[in-house]
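What follows is a single structure, written as C-alpha cells, with notes after it.
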Amino acid sequence: MVFGNVAPGKSSAPRKRGPRQPQPADFQVTIEIPQSVPILERELRAIEILLGAELQDLLGNTPKER
C-alpha cells in the first residue's frame, strides 16, 4: 500500500461531506411577553407598608452606605 507524501499532522483520508454545521444566523428566536398585570392602589399601599425602609432604599429615596 502506498501512502504518498503527507505533511505531519495532516490526514490523507478524504474529508467527509455531509450536512453543514448550523450557524447562529440560521436561527431566529421570537418571544411573546404577556401584558403586565394591573396592580390596584390598595395593593401598592400594602407593598409599601410591608417593605417600608427596604423599598425606599431600593427606590433610591434614602441613600444607604454600603
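One-based numbering along the sequence shown.
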**Request:** Hey, could you give me each pair passing salt bridge (charged side-chain N to carboxylate O under 4.0 Å, His left out) that has a residue in residues 22-40? Not counting sequence neighbours.
**Result:** Arg20-Asp26

**Prompt:** Residues two or more places apart in sequence or in another chain: which of them pass salt bridge (Lys or Arg N to Asp or Glu O under 4.0 Å) with Arg45?
**Reply:** Glu48

**Prompt:** What residues join Ile33 in its hydrophobic cluster, counting side-chain heavy atom gaps under 4.5 Å, either direct or through other members?
**Reply:** Val29, Ile31

Listed pairs under 3.5 Å, donor-acceptor, residues 34-44 side chains, sequence neighbours left out:
from	atom 1	to	atom 2	distance (Å)
Glu43	OE1	Leu40	N	2.7

